[in-house]
Amino acid sequence: MTGPRFATNSALYAATDLTEGIDWARRFRLHERFDDSPARTAEGPRTVILAPHGGGIERGTSELCLAVAGYHPANLPITPPARVTYDYWMFEGIRDGGNADLHVTSTGCDDLVAVLLCAGALGALSLHGFKPENLDPPRSPDEQVVFVGGCDDLLRDLLQEALDDVDLPVKAAEQGEIDGDSVCNIVNRTMRGRGAQLELSEPLRDTMFTSNTRPGRKHTTTEVFWRFVAACRDALDQFEAKPEIASPDVGCPLDPADRCRDS
C-alpha cells in the first residue's frame, strides 16, 4: 500500500488550484440550539458523527454519516429530521476517478470544523471503509464485516452489541491500520479523549446500495443500509443515557492553586 499523498487536510486545502476545478468537498452541520427559558430544559446531543473519507474515497460512508446523524441522504434539505439529530462533518472526494489521492489519514485530520466539533463533544463516531485484500495480512476480498475500533470502550461495546443484535457481521478491530486507537485520530479528540470508529468492508458496503455510484447511492439504499443505521443510532441512544455521558464531570481538572488568579 502506498502512503497518502497529503499528510493533513490543511496541506490538501493549500494545494488546491481553484482554476482547475474543485475535486473535493467538505460538508458539515452544526445544529442551532437556542434556549431562553428560565426553566430547566433538555440538553442537546453529546455525540458528533464523522466521515473523514467520504464521497468516492471510501464509497458509501457519506450516506451512512448523514443517515446515522438523522437525515435521509436522498433529500437532506427537505426531509424533517429524525427524532434525534447529531452534528456531523465529512470530507468527500468528488472526482470522477482517482479519489484515493485525496485520502488523508484520520490522525492527520486537522480540519478546523472537525476539530472544534470533536473538542466540544463527549463522544464521536466515525465511519470508514476498507478493502479486505489491502489489510496486512490480507483477508478474503469478498468478506463482509464491520470492525469496531477507537479508544471509547463504552461506545465500542454498545456498537458491537447493537450490530450483532441485527445480524450484521461485526468484530473487534485487531488490525493495526484500522483499530483507530491513536490519540491523534480525529474521532478520539473529544472532551473525553476517546471515540469509536467503524470500518466497513467494501463487499458489505456494496450490499447497502443497489446503485453504488455517487449519484445513485443516496436514492438506492437497501434494507442492510437501514439496519446498520438503526443499530448505530440505538447504540448512540444508549451511550448518551449512560450516567457518565448524561451527567458528565466537566469541571476544571486543575488544582485550584494552579488556576489563573485575578490581577
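Note: hydrogens, waters and symmetry copies are ignored here, and every other heavy atom, side chains too, is used.
For the pairing with I57, the side-chain contact (heavy atoms from CB on, under 4.5 Å) check across L102, V104, I94 returns one residue only, L102. Under the side-chain contact (heavy atoms from CB on, under 4.5 Å) rule, L198 has a single partner from L127, V68, L64, which is L127.
Looking at S201, its side chain does come within 3.5 Å of a backbone N or O of E143 through a donor-acceptor pair. For D87 (side chain) and H31 (main-chain N/O), a donor-acceptor pair under 3.5 Å exists by modelled atom type. Without hydrogens or angle criteria, D110 side chain to T8 main chain gives no donor-acceptor distance under 3.5 Å. No donor-acceptor distance shorter than 3.5 angstrom exists from the side chain of S126 to the backbone of L50, with no hydrogens or angles considered. Remark: the backbone N or O of T220 is not paired with any side-chain donor or acceptor of S211 at under 3.5 angstrom. With hydrogens and angles ignored, the 3.5 Å screen pairs no side-chain donor or acceptor of R217 with any backbone N or O of F209. Side-chain atoms of R192 come within 3.5 Å of backbone N or O of L122 as a donor-acceptor pair.
Interatomic distance, CG of L12 versus SG of C109, reported as 11.0 Å (0.5 Å rounding). To the nearest 0.5 Å, atoms CD (Q197) and CG (N188) are separated by 8.0 Å. Rounding to the nearest 0.5 Å places CZ of F130 at 8.0 Å from CG of L200. Between atom CG of residue L125 and atom OH of residue Y86 there is a gap of 9.5 Å, rounded to the nearest 0.5 Å. With values rounded to the nearest 0.5 angstrom, R233 atom CZ is found 9.5 Å from W226 atom CH2. In this structure, CG on N212 lies 8.0 Å from CZ on R205, to the nearest 0.5 angstrom.
Residues meeting the ring-ring contact (aromatic ring centres under 6.0 Å, His included) test with Y13, sequence neighbours left out: W24. With sequence neighbours left out, R46 forms a side chain to side chain donor-acceptor pair (under 3.5 Å) with no residue at all. For the side-chain contact (heavy atoms from CB on, under 4.5 Å) test, residues two or more places apart in sequence or in another chain that qualify with D153 are R156, R194. Checked against side-chain contact (heavy atoms from CB on, under 4.5 Å), H219 has the following partners two or more places apart in sequence or in another chain: A74.
For P45 against T85, the heavy-atom pair with the smallest separation is CG-O, 3.2 Å. In terms of heavy-atom proximity, A241 sits nearest to A246 at O-CB, 4.1 Å. Nearest approach of L236 to I49, heavy atoms of both residues: CD1-CD1, 3.8 Å.
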Could you tabulate the donor-acceptor pairs under 3.5 Å formed by side-chain atoms of residues 162-169, not counting sequence neighbours?
none

Steps toward side chain to side chain contact (heavy atoms under 4.5 Å, CB included) verdict (S106, V187): CA-CA 8 Å; S106 294; V187 81; over 6 Å; no
Verdict with reasoning, R83 to D237, per side chain to side chain contact (heavy atoms under 4.5 Å, CB included): CA-CA 11 Å; R83 181 173 57 88; D237 189 54; 4.3 Å; yes
Worked verdict on T190 versus V48 for side chain to side chain contact (heavy atoms under 4.5 Å, CB included): CA-CA 9 Å; T190 63; V48 61; 5.5 Å; no
Verdict with supporting geometry, L66 and R27, side chain to side chain contact (heavy atoms under 4.5 Å, CB included): CA-CA 10 Å; L66 290 171; R27 288 196 284 167; 4.1 Å; yes
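Counting heavy atoms from C-beta outward, P203 and P132 have side chains that approach closer than 4.5 Å.
Ring geometry for Y71 against Y88 counts as perpendicular: the plane angle is over 60°, on a 0 to 90° scale with 30° as the lower cut.
Each salt bridge (charged side-chain N to carboxylate O under 4.0 Å, His left out) pair with one or both residues in residues 222-232, not counting sequence neighbours, appears once here: E223-R227.
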